[in-house]
Chemist: 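Okay, here's the structure, questions in a sec.
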Amino acid sequence: TLEMLPNKILRLIQGIPKVLGPDLLTAFDPDSTNSSLIFKILMRPDSGGENGILEVNNKQTDSFSQEDVNNKIVTYLVNSQNTHDTFFDISLQVSDGIETSGSETLQVSVQPLQLRMMNNTGLVMIHKSPSLITPWNLSFTTNSDDDNLDVRFDITRQPHHGSIQKLRSVDSSWISVESFTSNQLQLGQIRYFHTSQEFPQFDEFKFTATLGAVRSSVYDFRITFTKL
C-alpha cells in the first residue's frame, strides 16, 4: 500500500523558498525505493492569486521523488503580495509507477514578509581613517526561519565627508558604492572612509533596506568622530 503522512501544514513566508523535507512529505511503500516513489501536484491553487512555484534543484516542476524530498532539494515559493496571512491547500498524489495513492491535501499557511531593524549603532572613529561597518553596527532581521537571507542596503544620500566603500576581491582595492548587502557586511567588505579636508564632528548617510518585495523606510547611519 502507498500512504502519506497526514495533517501536515507547510508554513511559508512570502517570497522566501521553503524546503519540503521528510517531516512534511513521507510516503510509505515497503516494495519501492525512494527514487521510484513520485509525488505529483494535481492542481495548483488559484484562490487569491497564489503564485506557487515548486522547484527541484532550482528547476521548476510539478513532480518530484521521495529521494528528492529526503535530500532536501524540493522547495516551494509563494510570491503573492497579500498584507495578511493566507491559507490554501495543495492536492498531491504519490505513485510507485504501478499503484497510485488517493489524493492527499497539504495545507499551506503564508505570512507576509516582515523586515525589522536589529542594529543601527553608527560608528565612532578618528578622522582621516577607514572603519569597517559590521552586522553589529547595521543589521535587519525577518520573520523567516532562514538565517541566510541577503538584505540589500541602498544608499539614498551619500555621506558629506567620506564615502561608503566595498572591498573588491579581484585586486583587494576599495571602491565607492551606491549599495551593499548584509552578506558583504558579514564578510568585512564594507567600510566608511573619511576623505574630506575638513574635521567635522559628525557625518551620516541615508539608506533603505530591501528583501524581496519589501522595502524599509529611510534611515540614517551616523558617524561620530573622536580625537585620539
Side-chain angles (χ1 to χ4, degrees), residues 2-29 33-95 100-118 135 139-153 181-186 209-216:
L2 284 169
E3 298 176 9
M4 282 199 289
L5 289 172
N7 303 324
K8 290 292 181 178
I9 299 179
L10 173 58
R11 301 185 189 279
L12 298 175
I13 304 295
Q14 284 177 8
I16 308 297
K18 177 79 171 185
V19 172
L20 305 187
D23 57 324
L24 276 170
L25 294 176
T26 297
F28 302 99
D29 184 17
T33 63
N34 288 331
S35 60
S36 65
L37 289 173
I38 304 299
F39 291 89
K40 186 171 181 63
I41 292 186
L42 300 180
M43 186 176 65
R44 294 186 178 276
D46 55 8
S47 60
E50 305 296 349
N51 301 313
I53 300 172
L54 181 74
E55 293 186 339
V56 176
N57 259 349
N58 301 316
K59 293 180 181 175
Q60 196 164 337
T61 183
D62 62 359
S63 63
F64 52 92
S65 70
Q66 182 66 57
E67 185 176 51
D68 294 333
V69 172
N70 293 351
N71 289 334
K72 298 185 177 180
I73 58 172
V74 183
T75 59
Y76 194 71
L77 167 70
V78 169
N79 276 322
S80 64
Q81 301 302 316
N82 292 315
T83 56
H84 53 83
D85 293 5
T86 54
F87 303 89
F88 59 89
D89 294 335
I90 298 175
S91 297
L92 294 163
Q93 277 184 335
V94 63
S95 172
T100 301
S101 73
S103 173
E104 295 282 350
T105 297
L106 178 64
Q107 289 183 297
V108 182
S109 160
V110 186
Q111 288 183 296
L113 174 63
Q114 296 171 8
L115 192 58
R116 295 185 293 268
M117 178 180 283
M118 192 158 64
S139 58
F140 277 68
T141 185
T142 73
N143 56 335
S144 170
D145 56 9
D146 187 343
D147 295 327
N148 297 315
L149 300 175
D150 202 14
V151 177
R152 190 181 82 245
F153 297 91
T181 69
S182 55
N183 280 350
Q184 291 167 347
L185 293 175
Q186 187 75 44
T210 304
L211 181 62
V214 177
R215 172 173 288 205
S216 75

Chemist: For N57, which residues count as a side-chain contact (heavy atoms from CB on, under 4.5 Å) partner, sequence neighbours excluded?
Modeler: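 N57 satisfies side-chain contact (heavy atoms from CB on, under 4.5 Å) with I73 only.
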
Chemist: Supply the atom-to-atom distance Q93 CD to E104 CD, rounded to the nearest 0.5 angstrom.
Modeler: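 Atom-to-atom, Q93:CD and E104:CD are 9.5 Å apart.
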
Chemist: Identify, with sequence neighbours excluded, every residue that meets side-chain contact (heavy atoms from CB on, under 4.5 Å) alongside Q186.
Modeler: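 P135.
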
Chemist: Go through the structure and list residues passing salt bridge (Lys or Arg N to Asp or Glu O under 4.0 Å) with D145, not counting sequence neighbours.
Modeler: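 K18.
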
Chemist: Run the side-chain contact (heavy atoms from CB on, under 4.5 Å) test against D85 and tell me which residues pass, sequence neighbours left out.
Modeler: F87, Q111, P112

Chemist: Working to the nearest 0.5 angstrom, can you tell me the gap between D23 CG and L10 CG?
Modeler: 9.5 Å

Chemist: Can you sort out the partners of S36 under side chain to side chain donor-acceptor pair (under 3.5 Å), two or more places apart, ordered by chain and number?
Modeler: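 Per chain and number, S36 pairs via side chain to side chain donor-acceptor pair (under 3.5 Å) with T33.
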
Chemist: Kindly write out the residues that satisfy side-chain contact (heavy atoms from CB on, under 4.5 Å) with T142, not counting sequence neighbours, or none if the list is empty.
Modeler: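 Counting only residues at least two positions away or on another chain, T142 forms a side-chain contact (heavy atoms from CB on, under 4.5 Å) with L113, L115, S144, L149, L211.
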
Chemist: Output yes when a side-chain donor or acceptor of N143 lies under 3.5 Å from a complementary backbone atom of Q114, and no otherwise.
Modeler: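 Here the side-chain-to-backbone pair exists.
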
Chemist: Which residues satisfy the salt bridge (Lys or Arg N to Asp or Glu O under 4.0 Å) test with K72, sequence neighbours excluded?
Modeler: none

Chemist: Could I get the full list of ring-ring contact (aromatic ring centres under 6.0 Å, His included) partners for F140, not counting sequence neighbours?
Modeler: F153, Y219

Chemist: Once you round to the nearest 0.5 Å, how far does CG of D62 lie from CD1 of I41?
Modeler: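 These two atoms lie 7.0 Å from each other.
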
Chemist: About how many Å separate CG of L42 and CG of L92, when rounded to the nearest 0.5 Å?
Modeler: 7.0 Å

Chemist: Holding to side chain to side chain donor-acceptor pair (under 3.5 Å), I want the full list of residues that pass it with E67, two or more places apart in sequence or in another chain.
Modeler: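 For E67, no residue satisfies side chain to side chain donor-acceptor pair (under 3.5 Å) once neighbours in sequence are set aside.
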
Chemist: So V74 and L54, do their side chains get closer than 4.5 Å, heavy atoms only?
Modeler: yes

Chemist: Are V78 and F88 close enough that some pair of their side-chain heavy atoms sits under 4.5 Å apart?
Modeler: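 Side-chain contact under 4.5 Å: yes.
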
Chemist: With sequence neighbours excluded, what pairs up with R215 under the salt bridge (Lys or Arg N to Asp or Glu O under 4.0 Å) test?
Modeler: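 Counting only residues at least two positions away or on another chain, R215 forms a salt bridge (Lys or Arg N to Asp or Glu O under 4.0 Å) with D154.
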
Chemist: To the nearest 0.5 Å, tell me how far T26 OG1 sits from N70 CG.
Modeler: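 Answer for the OG1-CG pair, T26 versus N70, is 6.5 Å.
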
Chemist: Only counting residues at least two apart or in another chain, list the ones meeting side chain to side chain donor-acceptor pair (under 3.5 Å) with N183.
Modeler: D150

Chemist: Going from CG on L20 to CZ on F39, what distance comes out if it is rounded to the nearest 0.5 angstrom?
Modeler: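 Going from the CG atom of L20 to the CZ atom of F39 covers 9.5 Å.
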
Chemist: Does S109 have any side chain to side chain donor-acceptor pair (under 3.5 Å) partners at least two apart in sequence or in another chain, and if so, which?
Modeler: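 Testing S109 for side chain to side chain donor-acceptor pair (under 3.5 Å), a comparison that skips the adjacent residues, returns none.
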
